[in-house]
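Residue indices begin at 1 and follow the sequence shown.
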Amino acid sequence: MTDALPEAVRATLNDPFAQLSGNLADTRRLRLEVTGTGQLTPHMHRLELTAAELDGFTYAPGQDLMLLVAAEGNRPVRRRYTIRHLDSGRRLLTLDVVLHGDGPGERWVRSARPGDRIEGIGPRGKITT
């Protein structure tokens, strides 16, 4: 298993989301593990993630999950991905990620393998369908 960002690095970050308050007060921190990954099209990649914190997790269509994909110096780099599906019974969250460049989020998505871990915050977003 590989962490997207090891705990030793996360502990040194100047993280504006260390406390989930304000707009993030109704979200939860998730210790996610990749259970599946695969390319859907040349520009779309699917991630399946699980976490114990998905017990009781709900979201509205259009809400997203913010993943801690990297660090630049002591600053966290997070990327937001719309939640595609949640299987509550299996604690399985699906994200379909558009591939459109070579940023830190896309690099993590392309390299993610089952067993890899990543921190998430969600659900978030006010625009829902």
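The salt bridge (Lys or Arg N to Asp or Glu O under 4.0 Å) search around Glu72 returns none, not counting sequence neighbours. Qualifying salt bridge (Lys or Arg N to Asp or Glu O under 4.0 Å) partners for Glu119, counting only residues two or more places apart in sequence or in other chains: Arg29, Arg78. With sequence neighbours left out, the salt bridge (Lys or Arg N to Asp or Glu O under 4.0 Å) criterion links Arg28 to no other residue. Evaluation of the salt bridge (Lys or Arg N to Asp or Glu O under 4.0 Å) rule for Arg124 yields Asp64 as partners, not counting sequence neighbours.
Taking a 4.5 Å side-chain heavy-atom cut-off between Ile, Leu, Val, Met, Phe, Trp and Tyr, the cluster of Leu5 extends to Val9, Leu13, Leu68.
The CG atom of Leu93 lies 7.5 Å from the CG atom of Leu30; values are rounded to the nearest 0.5 Å. Note that OH of Tyr59 is 11.5 Å distant from CG of Leu54, once rounded to the nearest 0.5 Å.
Among residue pairs with one or both ends in residues 89-106, those qualifying as salt bridge (charged side-chain N to carboxylate O under 4.0 Å, His left out) are Arg46-Asp96, Asp55-Arg91, Arg84-Asp96, Asp87-Arg90, Asp102-Arg107, Glu106-Arg110; sequence neighbours excluded.
At a threshold of 4.5 Å between non-hydrogen side-chain atoms, the residues Leu49 and Leu92 do not count as touching. When side chains are defined from C-beta on, Thr37 counts as touching Pro114, because their heavy atoms get closer than 4.5 Å.
Judged purely by atom type and a 3.5 angstrom limit, Glu53 uses its side chain to pair as donor or acceptor with the backbone of Arg31. A distance-only check finds no donor-acceptor pair linking the side chain of Glu48 to the backbone of Thr94 [under 3.5 Å]. Side-chain atoms of Gln39 come within 3.5 Å of backbone atoms of Thr41 as a donor-acceptor pair (strictly under, hydrogens ignored).
At most 12 heavy atoms of other shown residues, nucleotides or ligands fall within 6.0 angstrom of atom CD in Gln19.
A side-chain contact (heavy atoms from CB on, under 4.5 Å) with His45 is found for exactly one of Leu99, Val98, Leu40, Leu95, namely Leu99.
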